[in-house]
Undergrad: 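Sharing a structure with you now.
Quick caveat, the model's predicted, so the values are computed rather than measured.
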Amino acid sequence: MPHQVTMPMLGLTMEEGTITEWLKQPGDAVAKEEPLFVVETDKSAVEVGAPASGVLSQIIVQVGQTVPVSAPIAVIAQPGEAVEARASPAPAPPAAAAPAPAGAPSAPEPSASPAPAAAAPRAAGERQAVSPRARMVARELGIDVTSVTGTGPGGRVVERDVRAAAAAAPLAPAVAVPPERIVASPLARKLAEEHGVDLAQVSGSGPGGRITERDVTAFVDARAAAPAAPAPAEVSATLPAVAAATGAFEPLNRVRRITADRMAASARSVARVTLLMEVDMTEAVRFRTQLAPEFEKRYGARLAYDAMIAKACAIGLAEHPHVNAQWQDADIGQPAGLRLQPNVNVGIAVAAEAGLLVVVVRDADQKPLAQVNSDLMGMVAKSKQGGLGPDELSGSTFTITNLGGYGVEAFTPIVNPPESAILGIGRIAKRPAVVDGQIVPRDLMYLSLAFDHRVVDGAPAAQFLRRVKECLEAPYVLLA
């Protein structure tokens, strides 16, 4: 019996994927779990194995196409087995055309096609499953997610469902609206203010003519592309001619776009506070110098400072679980609150070719320092080859980001939602310090803890940061 290959779900928040390469061609024999194709997700390119053995009979989704999770992408059959051919998924339908003027002949209607099956109605009191991205877009577009039919797995509402609902919402008739009554999203108003845009001149594409961020962006782009009006003679005679600014346009890849969206969402929603603390790393430097050769001999990799700091954070998170908690917005039948995480999964930001990635050391509080270091260095090596798997890129409960290698002393990192805190690491530098009443050179480093004040108060956040400092200043604790 033919086996249908579907787009896998390579992460809890993945809604769609793009096929970037087929490693087999129709007619090729494949073995179960043998690399079959490469998918680009919102975080990385992932090589996916075949779900069954047989012959790759048909490729449904071609390279470059993006399809939702669980959509059929290929068929694997047994040798000699007949398979019914399936067409590639059609591109998204174009936007609805404007209505024809009165008296104009109507265009012939296209032949009807089967409508997609509607999701099963929810039982009374059952919560609507909504992806985080869909919920954010719904807030921006003013859409009530409870009225949206989900097409994701199990009827889950995903981003495309919200945008489809917004596009289908009836538009209000065009009437003159006083400036104070213009309907626009908060982000659209902020963007308009930054670019000096009169919202009365912007056409809204949201429900009821609501002006959204993309409407303002489109207006700004169109204004920049339009030729400038000639200046009056008396002005142009006194001002030098200025050439129009030019430059290469670089479109965002998926990793960069998702990073931008998440960081902007964090800046808008997180009540961020940053604590700065100096750490004396003199003993940690000596500790690493002594252990690094043995680590490299036993485990094939030198002991990294990031592994030491990750282990120190894991110890602190286990003792201060609210720093490891996550904020949860109010939902149907459930108020806003905190969700305490059962595991301590430390994410470490890595600069990869595709963009910023966060690799995850799972259960870091339960693992010895050598295992934390081994896990981290293995994932860093794989990130350079684009071979990281979904389990290595998702599920972090706390993140550290290190700019010390670039000579940065201290900085204010941005919290990575839905986490509640992130630790910024500066460079280790010899500076004068007072020890036992004497001024002596010491290896000092600044730690910057940015946290969401909705989840954590200042005192417990400071206690956590102090515990990390204690572990690094007495580094043999990391071996316990």
Side-chain angles (χ1 to χ4, degrees), residues 1-95 110-120 131 133-134 149-164 167 251 253-255 257-258 354 386-390 393-394:
M1 181 177 179
H3 188 102
Q4 183 172 269
V5 183
T6 60
M7 176 62 70
M9 187 172 186
L10 303 174
L12 295 177
T13 60
M14 177 178 170
E15 297 178 0
E16 60 185 15
T18 303
I19 300 292
T20 59
E21 183 181 3
W22 280 102
L23 305 176
K24 297 285 185 178
Q25 296 302 316
D28 291 349
V30 296
K32 187 175 182 179
E33 298 183 0
E34 180 183 8
L36 180 60
F37 58 95
V38 178
V39 175
E40 185 184 50
T41 69
D42 59 359
K43 296 182 178 179
S44 71
V46 180
E47 199 173 81
V48 181
S53 298
V55 175
L56 181 59
S57 175
Q58 182 187 6
I59 291 178
I60 301 173
V61 177
Q62 304 301 320
V63 171
Q65 285 187 284
T66 300
V67 295
V69 168
S70 300
I73 59 174
V75 177
I76 294 176
Q78 297 306 309
E81 187 176 19
V83 176
E84 181 182 354
R86 295 194 55 172
S88 298
S111 57
S113 57
S131 74
R133 175 75 180 168
T149 300
T151 62
R156 189 175 192 232
V157 175
V158 294
E159 178 185 359
R160 64 175 178 272
D161 301 326
V162 176
R163 294 198 181 278
N253 60 28
R254 289 174 62 84
V255 174
R257 177 170 58 81
I258 295 299
L388 289 166
L393 290 168
S394 61

Undergrad: Would you say the side chain of F37 lies within less than 4.5 Å of the side chain of V61, judging by non-hydrogen atoms?
TA: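 Contact flag for V61/F37 side chains = no.
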Undergrad: When you measure from the side chain of T66 to the backbone of T18, do you find a donor-acceptor pair of N or O atoms at a distance under 3.5 Å?
TA: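 No: the side chain of T66 does not pair with the backbone of T18.
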Undergrad: For E34, does the CD atom have more than 12 heavy-atom neighbours from other residues, nucleotides or ligands under 6.0 Å away?
TA: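 Counting neighbours around CD of E34, more than 12 heavy atoms of other residues, nucleotides or ligands fall under 6.0 Å, so yes.
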Undergrad: Minimum heavy-atom separation for S57 and P26, please, with both atom names.
TA: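 Where S57 meets P26 most closely, the heavy atoms are O-CB, 4.1 Å.
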Undergrad: Give the minimum heavy-atom separation between L36 and A50, together with the two atoms involved.
TA: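 That would be CB-N, 3.9 Å.
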Undergrad: Mind checking the CD1-NZ spacing from I59 to K24? Nearest 0.5 Å is all I need.
TA: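 Here the interatomic distance stands at 11.5 Å.
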Undergrad: So how far is it from I76 CD1 to Q4 CD, rounded to the nearest 0.5 Å?
TA: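 Reported to 0.5 Å precision, the distance equals 11.0 Å.
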Undergrad: Hey, could you give me the CD1/CD1 distance between I60 and I73, rounded to the nearest 0.5 Å?
TA: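 The CD1 atom of I73 is 8.5 Å from CD1 of I60, to the nearest 0.5 Å.
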Undergrad: Check V48 against V39 and note the closest heavy-atom contact, atom names and distance.
TA: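 Heavy atoms of V48 and V39 come nearest at CG2-CG2, 4.2 Å.
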Undergrad: With the side chain counted from C-beta on, respond yes when T149 and D161 share a heavy-atom pair under 4.5 Å apart, and no when they do not.
TA: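 A side-chain contact is absent here, since even the closest heavy-atom pair is not under 4.5 Å.
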